[in-house]
Protein chains: 2
Amino acid sequence: MSTKQKRFILPEDEIPKYWYNIQADMKTKPMPPLNPKTKEALKPEDLYPIFAKELCKQELNQTDAWIEIPEAVREMYKYYRSTPLVRAYGLEKALGTPAHIYFKNESVSPIGSHKLNSALAQAYYCKEEGVTNVTTETGAGQWGAALSYAAKVFGLEAAVYQVKISYNQKPYRRSIMQTFGATVTASPSMSTRAGKDIITRNPNYQGSLGTAISEAIELAMNTPNCKYTLGSVLSHVTLHQTVIGLEAEKQMEMAGEYPDMVIGCFGGGSNFGGICFPFMRHTILDGKQTRYIAAEPASCPKLTRGKFQYDFGDEAGYTPLLPMFTLGHNFSPANIHAGGLRYHGAGVIVSQLLKDNLMEAVDIQQLESFQAGCLFAQAEGIIPAPESCHAIAAAVREANKCKESGEEKVILFNLSGHGLIDMASYDQYLAGNLMNYELKDEDIQKNLDEIKDM
Amino acid sequence: MSTKQKRFILPEDEIPKYWYNIQADMKTKPMPPLNPKTKEALKPEDLYPIFAKELCKQELNQTDAWIEIPEAVREMYKYYRSTPLVRAYGLEKALGTPAHIYFKNESVSPIGSHKLNSALAQAYYCKEEGVTNVTTETGAGQWGAALSYAAKVFGLEAAVYQVKISYNQKPYRRSIMQTFGATVTASPSMSTRAGKDIITRNPNYQGSLGTAISEAIELAMNTPNCKYTLGSVLSHVTLHQTVIGLEAEKQMEMAGEYPDMVIGCFGGGSNFGGICFPFMRHTILDGKQTRYIAAEPASCPKLTRGKFQYDFGDEAGYTPLLPMFTLGHNFSPANIHAGGLRYHGAGVIVSQLLKDNLMEAVDIQQLESFQAGCLFAQAEGIIPAPESCHAIAAAVREANKCKESGEEKVILFNLSGHGLIDMASYDQYLAGNLMNYELKDEDIQKNLDEIKDM
């Protein structure tokens, strides 16, 4: 047993004072989101009806590399940040790998995942602009829980649409949101036009993030003094999540190492971008050789098998058209337990970076993800969220390659959240009741054909 | 919003190197446990059939104030310790109190509670002595989860008897133990004589910690190379938990304050003793004026309404006779959701301290505990375990007294664990389906009469 340092934690005054906006440093800028009616490039004011103004400006800001974290948000960060950077000696030993594996432990945030980093920011800006009510979507419930608490912190009322499959698979996340004082509705619901339409077409539809987003936007647009908030995909959400990578950069320095690869699971891209972008800055600006690996579920493979084109961010088509890797906004993902990864598209920044070969993507089957999750749990004592299991699985693959090659590579991955509310899925995995999902090319193509003229 | 420091974390080399054994400093030593057959004072070797030898020695050690933490255990502590000491500005604001409230956040341990502190130590000593299998009991499952993971760390097989009411109320804690590789059985079960006996007498019995302890001891005694481990009550368990208070002492110094009162919830006494004893050392040795408040459930009030006398630690009478505040080992507690507090007796050290007026106890009804828990959740973002809610409720009472008197007292309580696996009980609380339990004097007396000649 090594007596070397295991955890690296920053003193409170080292918590970042700025978020990092990679758009400013990208040599090829992301293409602009388009107004779906005029097909003209979106201006911040086009988004004002939906989001707080400051967030609209952040969304389209391609010039300022550093955005100051408001003091009130940073003060709230201090309650749980920095999160620890942990050297995974237990996992290394279990794998017998010479690789040095580190993980950034976002699971120790009060709400159990990285989502609070952006929820606090979004709730703060809403409050500053006189908003009284916020709406949002949530898949597994990690984002919904974060937004519910952040709304409470800043004195806002929160209404959350939770994807029906997760609402039923993970009832306790609903309880958590309600304990924080939020209203929670299973999506699709009969409370919005978008929800009614899809229920009419498909009464047994178990929901998707795309549909829940449509419902939440619709409620926000029809409610006075109410704004919509989003848990991933958009550039301002990823911006807020860069606090993860900025801390990790300093913490890796404390550990005296620099990652050869940085890994995050991938739903819309916010936790992935959050941990990767601060490191990628050195690749873009200084030519630093680092691999950035997005781990997506094989059943929802927009990065590995989707197409780069303009598409809606939601199912009903309320959002601007976004230039992204997508499976088509009508894509209905299989009912895997990683609810937070069941989304058809990738954020515009990540999509451009993938196009430019600045990052790579791998797809992970459900059984491989849970196998990696159980291995990690027994080795490190932390039960990871099913979403995070995908990042772990990708890290395990790389660590095993190092075992074969004998290379002492440094692997950093983001443990985006714990899986304590997801134990029903572990139960099913341990009982042998979970399955992989094979997705046929023609099924992907069918959805892509539907959006080919957008 | 204050910009003062919120979290206090020790550097890795400040993690305690010794546990604190208060028995050595107590002016009135605890009375000795007795061999139930001979009624003679117990010697360490009397306990060897049940526990690892080193633990037996620690149990009866009344001379050494400081016991060195084995390096392998301290190395494992480094993965999650020090736990943060947090200034609860949010709770202070919600209460409008001038009191300064601090909590020690044991909920960020990998398994979500303080229990890992002793589980690692017990598993380590068992491994050192060549043990291959360990058994234990668990109520809510916090201890069982900790022991399951600790067993995995040191390469032991674990078998856990979980109190039936909790096994059914909190199925996900069973899943957690199974994910760590343990075997879990609902207690009472048909797998032991103790279990069969009680099921025969009372087929619908929902179990208690006392019964689960009997089953786990019986299995250990009938299995080669197997030892029993315990999650609370005994002096060596509390010894290991003093790492909490020893850290908190240094962290309060970092905060520039000293607690006027230290509060812990109370089941068998290990988290309470763990946070209090290091501070109480200054009361015993230097006359420091500090209040130590144990918060027990009103439905299981051994400290506030029990009797100090010799009694068994388990239902079937397999343990030595312990001098303790007890409700009688046949006491069957109401089915409150704080499963970890459903135990009939108090550890021998705490019992002596209460007798000597070095500490005090309060009883908290179930509804008051959940009310305090929800208030804390909304104010601090952390959903507390139902057990910990009792400590919060006691802290809230004291903070409200400060509001009336205008005193800026410093309150420290132990947040022993999070309640993410206990959301079903929050659901029921929010739906208005939980109740208080009134315990009649004659019902308490009936159980005490049964043990009066022991």
Side-chain angles (χ1 to χ4, degrees), chain A residues 1-3 5-9 11-13 71-72 74-76 78-81 84 86-87 89-90 105 107-112 116 145-146 149-150 152-153 171-176 178-181 373-374 377-383 418-427 429-430, chain B residues 1-3 5-9 11-13 71-72 74-76 78-81 84 86-87 89-90 105 107-112 116 145-146 149-150 152-153 171-176 178-181 373-374 377-383 418-427 429-430:
Chain A
M1 191 164 295
S2 165
T3 58
Q5 191 164 348
K6 286 153 185 77
R7 288 203 313 174
F8 303 89
I9 294 179
E12 220 161 85
D13 58 9
E71 192 186 325
R74 194 161 172 271
E75 286 301 305
M76 289 306 299
K78 289 183 184 172
Y79 280 102
Y80 66 100
R81 309 204 68 86
V86 186
R87 173 79 182 265
Y89 284 111
N105 187 2
S107 81
V108 298
S109 103
I111 57 93
L116 194 55
Y149 170 56
K152 181 59 69 179
V153 166
Y172 292 170
R173 279 257 167 66
R174 170 184 52 71
S175 316
I176 291 172
Q178 289 170 333
T179 301
F180 289 140
C374 287
Q378 296 194 359
E380 299 291 333
I382 304 167
I383 296 183
H418 64 64
L420 294 175
I421 305 297
D422 307 280
M423 291 315 300
S425 51
Y426 278 88
D427 258 5
Y429 172 72
L430 293 173
Chain B
M1 192 163 295
S2 164
T3 57
Q5 191 164 347
K6 287 153 185 74
R7 287 203 313 174
F8 303 89
I9 294 180
E12 221 161 84
D13 58 7
E71 192 187 324
R74 193 160 172 271
E75 286 301 306
M76 289 306 300
K78 289 182 184 172
Y79 281 100
Y80 66 100
R81 310 205 66 88
V86 185
R87 174 80 182 264
Y89 285 111
N105 187 1
S107 81
V108 299
S109 105
I111 57 94
L116 194 55
Y149 171 56
K152 181 57 70 179
V153 167
Y172 292 171
R173 279 258 167 65
R174 170 183 52 70
S175 316
I176 291 172
Q178 289 170 334
T179 301
F180 289 139
C374 288
Q378 297 195 357
E380 299 291 333
I382 304 165
I383 295 184
H418 64 63
L420 293 175
I421 305 295
D422 308 279
M423 291 316 299
S425 52
Y426 278 88
D427 259 6
Y429 171 71
L430 293 172

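Per chain, numbering begins at 1; letters A, B, ... match sequence-line order. The analysis underlying the following values was restricted to heavy atoms, covering all of them including side chains, and did not include hydrogens, waters or symmetry mates. Owing to the predicted nature of the structure, the values given are computational and were not obtained by experimental measurement.
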ask   = What residues form a side-chain hydrogen bond (donor to acceptor under 3.5 Å, both in side chains) with B:Ser425, not counting sequence neighbours?
value = none
request  = Assess whether side chain to side chain contact (heavy atoms under 4.5 Å, CB included) is satisfied between A:Asp427 and B:Gln178, documenting all intermediate values.
outcome  = CA-CA 8 Å; A:Asp427 258 5; B:Gln178 289 170 334; 4.1 Å; yes
task = Can you tell which part of B:Leu420 gets under 4.5 Å to a heavy atom of chain A, answering side chain, backbone, both or neither?
result = both
Salt bridge flag under 4.0 Å for residues A:Lys78 and A:Glu75 = yes
inquiry  = I'd like to know if the side chain of B:Gln378 and the backbone of A:Lys152 have a donor-acceptor N/O pair within less than 3.5 Å.
reply    = no
ask   = Which bit of A:Tyr426 is near chain B, if near means a heavy-atom gap under 4.5 Å: side chain, backbone, both or neither?
value = side chain
query = Quick one: what part of A:Ala379 sits under 4.5 Å from any heavy atom of chain B, side chain, backbone, both or neither?
reply = backbone
ask   = What is the minimum heavy-atom distance between B:Tyr149 and B:Leu116, and which atoms define it?
value = CD2-CD1, 3.8 Å
key: Proximity breakdown for A:Ile383 and chain B, heavy-atom pairs closer than 4.5 Å   = side chain
inquiry  = I need the A:Tyr89 OH to B:Met76 CE distance, nearest 0.5 Å.
reply    = 13.0 Å
ask   = chain A: which of B:Arg174, B:Arg74, B:Arg173 shares the most heavy-atom pairs with it under 4.5 Å?
value = B:Arg174
inquiry  = Heavy-atom pairs under 4.5 Å with chain B - which of A:Cys374, A:Ala424, A:Pro84, A:Gly181 has more of them than the others?
reply    = A:Ala424
message = Minimum heavy-atom separation for A:Tyr80 and A:Ser109, please, with both atom names.
response = CD1-CB, 3.5 Å
query = With a 4.5 angstrom heavy-atom cut-off, which part of A:Arg87 approaches chain B: side chain, backbone, both or neither?
reply = backbone
query = For chain A, which of B:His418, B:Met423, B:Glu380 has the most heavy-atom pairs under 4.5 Å?
reply = B:Met423
inquiry  = Quick check for you: among B:Thr179, B:Val86, B:Ile9, B:Asp13, which has the greatest number of heavy-atom pairs under 4.5 Å with chain A?
reply    = B:Thr179
message = Which atoms of B:Ile111 are under 4.5 Å from chain A, going by heavy atoms: the side chain, the backbone, both sets, or neither?
response = both
message = Using 0.5 Å steps for rounding, measure from the OH atom of B:Tyr79 to the NZ atom of A:Lys6.
response = 5.0 Å
message = Under a 4.5 Å cutoff for heavy-atom pairs, which residue among A:Asn105, A:Leu430, A:Ile176 has the most contacts with chain B?
response = A:Ile176
key: Counterpart residues, side-chain hydrogen bond (donor to acceptor under 3.5 Å, both in side chains), relative to A:Tyr429 (two or more places apart)   = none
task = Using non-hydrogen atoms and a 4.5 Å limit, figure out which bit of B:Ile382 sits close to chain A: side chain, backbone, both or neither.
result = both
note = Whatever's closer than 4.5 Å to a heavy atom in chain B on A:Val108 counts as both
